[in-house]
Amino acid sequence: MRRLQDPATLEQWREQIRQQQRPEKITVCNGTGCHAYGCEKVTRAFVEELEHQKPGRSIEVKATGCHGFCERGPIVTVYPEGIFYQQVKPEDVSEIVRKTVINKEVLERLLYVDPMTGQRVIHESQVPFYQKQQRLLLGANGLIDPTSIEDYVALGGYGALAKVLYGWSAEEVIAEVKRSGLRGRGGAGFPTGLKWELCRQARSDTKYIICNADEGDPGAYMDRSLLEGNPHSVLEGMIIGAYAIGASRGVIYVRTEYPLAVKNVTRALEQAREYGLLGDRILGADFSFDVEIRRGAGAFVSGEETALIASIEGRKAEPRQRPPYPVQRGLWGKPTVINNVETWANVPLIINQGADWYSRIGTEKSKGTKIFSLVGKIHNTGLVEVPMGITLKEIIYEIGGGIPRGKRFKAVQTGGPSGGCIPAELLNLPIDYERLTEAGSMMGSGGMVVMDEDTCMVDVARYFMDFLRDESCGKCLSCREGTERMFEILSRICAGQGRPSDLELLEELAHAVKETSMCGLGQSAANPVLSTLRYFRKEYEAHILQKRCPAAVCREIVSSPCQHACPIGAEVPVYIALIAHGRFAEALEVVRKDNPLPSVCGRVCHHPCEAKCRAGDGGEPIAIRALKRFLTDHAPSLGAPRRAVFPTGERVAIIGSGPAGLTCAAELAQMGYRPTVFEALPVVGGMLAVGIPEHRLPKKILQADIEAIKALGVTIQTNTALGREITLDGLFAQGYKAVFIATGAHKSVRLNIPNEDAEGVLPAMEFLKAVNLNETVKIGPRVGVIGGGNAAVDAARVARRLPGVESVSMIYRRTRNEMPAFAEEIEAALEEGIAIHYLAAPKRVITEENRVKALECVRMKLGPVESSGRRQPLPIAGSEFTLDLDTLLVAISEQPEIALQDSQIRVSPWGTIVVDPETLATDRPGVFAGGDVVTGPKTVIEAMAAGKIAARSIDQYLRGVPLTPEYALTRPSRYLEPSVLSEDELLTARRPPMPVRSSAERIKDFHEVELGLTEEMAVQEARRCLRCDLEIQKSQAQSAREVIAR
Amino acid sequence: MSVASHMDIDEVITRYHGGRTHLISVLQDLQAEFHWLPPEMLAQVAQKMGVSLAELFGIVTFYKSFRLKPRGKHLITVCMGTACHVRGAPRILRELETQLQISSEETTPDQFCTLETARCLGACALGPIVVCDEEYEGQMTKAKVATLLEHLRKETRP
């Protein structure tokens, strides 16, 4: 091949390549992510299909570098139209060639669907993932074959080099780079131009440059994508840098874990040499420079510049004291500039477009774009290139598409093991070097690991400390020992063995390691600990003080996530294992041991256990609630088991017969006390009786659970209300030794819109209560329901079943995805013909003679993301519309309504009773409160948990011992053999759909909609359980063995 | 167990002209060929390249990628990167350890399989990831671990 002798021959060659290029081509992303999905087979299939189908013209198939949208790989683009196909499989190829390539038809099924609009998108640029990006460096990746220098040259490649070699002095290059404001992309952010200048000024006959491609941060792979996808851009940057500094040799130091990068860079070097772009007299100018590759051997610390130099020199990658800095004494003792891959790739861009253009991108002190690898708990995993100064929120929600499976965002980890975790409160943080450092993290190489509510921050800190103690080179005592000791403390906390003094000790150690270590690894090793302590201290405290891991991750604490997540600690894995073995009666005993309302919970519990079920990671969670119901359906008899107790005879008054009151009463009765439950209404059960409709929880089912509680020795007195028939003072005077107030939250919150008090507008809760109590309800043929929670759906479904009702529509201000009601309830409502107006908010009630006639609504759109992670609904001006209605039911929220004047009980501005959250004690001795009256409207199981805490506190109070909460590691009371599944069963087992009555049939009456699982379904489902409880049992056995072995 | 002859080692050393500074590259090439670095080989490399065995041993134990024990017939690598970690990689590793009855960085006694971990494989979109004999297995679950091992075992049956 010919060597290019001057810029003119380069331009001629470029022109020649461009003329030879064909407009018709098919690109297949061959980046790392797509490789893992099998893009090579797709690429091969295209070549074969084109040969086979013979389109009659020549069409090129190009294996390109990484497009960044790794979530959707393999990615295929058909040119000249630029039709963007995602998740393409080899079997799709024949159809693509036949329809799209030959007949120019778009294949709908392979297009990307915008999750926000539901629209199919034809071009890459229309995909929301790409819209907010500014792909200056990554953009070319999708257009070129990284093994072809021609492709790079056709896009203007090596033009910057020619410009510099023929017209710019070295000083001018340095001045331009300085003026651009480019800073090191490896993480520390040192000004690149200044580094070059210092090296240029160093006196030496030989100088070196190094490209640091030892991308060691876990969760970061942008350097890999650049080297694999566009190696010439990095090389061109290096040659320009070498010219500016006066270096004669360069080294690219690549991780050995990146074989494709090594291959593509090796090839690029050969090609550049062949064309005279590398080697002696580059482009015919009086400048010679060559580059070699060195492979890293797996040591995180080699990313540190002095350690990297040691590694290139063939030694252990141990850092040394600086100064002298590498720009003074670097590789083989000579002045050396080390820059990261992404930094080098920016150089040709700055030379081509100019420093003025470049410095207009970004913030005051951080210029240009930055590539981040957006990974972890995020919808759109991939590489994103954004201008500096963009907010975290824009990256995570607008580019990343938010958190999968409706989970809550918790934190984003940046900067790898040297960085820190940034919490939800800082989502509006504009990203640049300074801001990230102020927030206790750092830019680092650009890893951005998104974490959600299922990520434990203590575990994350422990993970990084494990990494760092292993990767500490050991030279400095503070780093070697400090990371080890911090790891020990974090491990102890994760195992539930933490001590209250541990947090202070951790902080002290962290500061010591930071201040007394020599290199960046040690100096930043404390960051994961300090940043999580700064923002998530409560999570640490929960581990240490309460033996709780809120994310249900730390296995020594949680045993099984379902049991740990259950507010009453039900032994889910035990009863599921018993079901799997067909031992139903025993299983029910296990349920009843902890739960006095099993039939209720088997139907209406919001099942936090299923939300944390590990079978739900990449699959469907076990149908725990349905399994519990199966047991109560097949039960010979119900009720909590009687415990052998010594009756104390002391009387306790419980005000309110909802789930909190009933649970507290059952517990106290089992302890030997004589509890009396006072209920204001004529029926027992509180919200269970009057708030939840018959079609979800039949009265006779509720009654069965209540009868079983009564059988324990609980007295229940209805039609007796606090402030009406009874008072606190009166109860104590009657001889009750303690009181538990659990009166719930029944009062509906107002809408605050005009004409809300018109006839025909009523609170949904009152409507449900009236229907449940068989009272006459005046309701018109057209019913509207405002709200999106379970109460709103309940009200709508009840209205649907009432005679004379013709239509029911719900009005909710956000979209279905944000609706707080159970997904299956929403689905059932839709099946029953209930219309749901999403993104609509009520504006005023239109009346006629003070009777509701219609509702004026305004259309909403989803605006910016709030710190809750939900997008804020905003009214669209002028979008008002009216719904003709006869009845309007309002279900926004409820609050407590209690008569506690002169009772020495403190009430919050929201009408809730103020208690000590750990003991539920009020300010008045002997009086306790719990459930919705304390928390505002929450769930059945949370109210039951409060009942349990209250019972324990009341017992302690009556025994005269200090009120102390008891916390223990979650453990099942027994271990059962796991089920052995065949390979076939493993692959085919699915969560059973709940059998239900048909919608046509069920809207005619109030009978229960869900029919319950059959025995066969229940056993099969129970066999699918992963039995997380056995893991901890195994690990206990293992540690016991280890102790014996010592 | 295959041990390199003097010839092999000489050939690899002469690939690099720089001598001592290419020590790590030489070791990498030898491992690429023999899957591990037997003690006899290390002794020969030390002698031929003029470094003390102590220094050489320091280097091969410092860097994670050098394997000082023979590798099994199959190699399973579990990615322990941050993205995989938050998606449950530790549970996948534990499941493999339980099924294979070995700890990570160990080989089954019958030389059937070696279990290793990696810091980050840079394919985070597919996490948790396991690489089995260079094939990527993405979005791993406990159930997928069982089927993966089942397939490996079947192939090894005569």
Side-chain angles (χ1 to χ4, degrees), chain A residues 32-33 35-37 70-71 73 215-221 224-225 256-258 294-300 311-318 332 373 375-377 381-382 413 416 447 449-452 454-455 460 463-464 467 471 473 614 617-619 981 983 986-987 989 1026 1031 1034-1035, chain B residues 18-29 31-32 49 51 55 58-66 79-91 94-95 98 118-129 131 134-144 146-147 150-151:
Chain A
T32 314
H35 253 284
Y37 288 121
C70 309
E71 187 72 37
E215 191 172 45
D217 283 3
Y221 60 105
R224 172 183 206 167
S225 272
T256 187
E257 290 89 337
Y258 292 177
R294 291 298 180 92
R295 286 162 293 158
F300 177 66
S311 181
I312 295 177
E313 291 172 354
R315 296 181 284 120
K316 282 189 279 186
E318 280 177 349
W332 293 300
S373 58
V375 301
K377 304 289 191 73
T381 301
Q413 207 280 345
V449 187
V450 181
M451 299 169 179
D452 69 2
D454 291 344
T455 313
V460 165
Y463 163 81
F464 282 118
F467 182 99
E471 294 293 352
C473 77
R614 296 220 171 110
D617 295 346
L981 275 69
E983 195 191 331
L986 274 172
L987 290 174
L1026 299 176
E1031 268 184 37
K1034 267 182 270 178
S1035 87
Chain B
R20 173 72 182 75
T21 79
H22 289 283
L23 182 59
I24 293 170
S25 303
V26 167
L27 293 168
Q28 284 171 329
D29 286 7
Q31 176 160 301
M49 296 194 75
V51 290
E55 194 185 346
I59 289 171
V60 294
T61 52
F62 184 90
Y63 293 102
K64 195 172 188 286
S65 65
F66 294 119
C79 178
M80 300 304 277
T82 322
C84 288
H85 180 85
V86 302
R87 290 187 181 187
R91 292 196 289 276
R94 276 205 299 277
E95 185 66 14
T98 310
R119 283 293 183 220
C120 179
L121 294 166
C124 309
L126 291 93
I129 286 197
V131 182
E134 292 177 20
E135 285 280 318
Y136 283 74
E137 305 280 341
Q139 275 128 20
M140 284 303 283
T141 58
K142 272 172 132 184
K144 282 194 192 169
T147 43
E150 190 70 32
H151 284 299

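Numbered from 1 within each chain, the chains take letters A, B, ... in sequence-line order.
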* Side-chain heavy-atom pair B/M80, A/F467 within 4.5 angstrom cut-off -> no
* Under the salt bridge (charged side-chain N to carboxylate O under 4.0 Å, His left out) test, which residues partner B/R119, sequence neighbours left out? -> A/D470, A/E471
* To do: Check each atom of B/T141 against the heavy atoms of chain A and say whether the ones under 4.5 Å are side chain, backbone, both or neither.
  => side chain
* Asked: Would you call A/T256 and B/Y63 a side-chain contact if the rule is heavy atoms closer than 4.5 Å?
  -> no
* Looking only at atom types and distance, does a side-chain atom of A/E313 sit under 3.5 Å from a main-chain N or O of B/R20, one as donor and one as acceptor? -> no
* Is it true that a side-chain atom of A/Y463 and a backbone atom of B/T82 form a donor plus acceptor pair closer than 3.5 Å? -> yes
* Asked: Do side-chain atoms of A/R315 reach the backbone of B/E55 as a donor and acceptor pair under 3.5 angstrom?
  -> no
* To do: Please tell me if the side chains of A/Y221 and B/C124 come closer than 4.5 Å, counting only heavy atoms from C-beta onward.
  => yes
* **B/L121 portion near chain A, given a 4.5 angstrom heavy-atom threshold** => backbone
* Asked: Between B/V86 and A/V449, what is the shortest heavy-atom contact and its length?
  -> CG2-CG1, 4.3 Å
* Does the side chain of B/R87 reach to within under 4.5 Å of the side chain of A/V375, using non-hydrogen atoms? -> no
* **Check: A/D617 and B/R91 side chains under 4.5 Å, non-hydrogen atoms** => yes
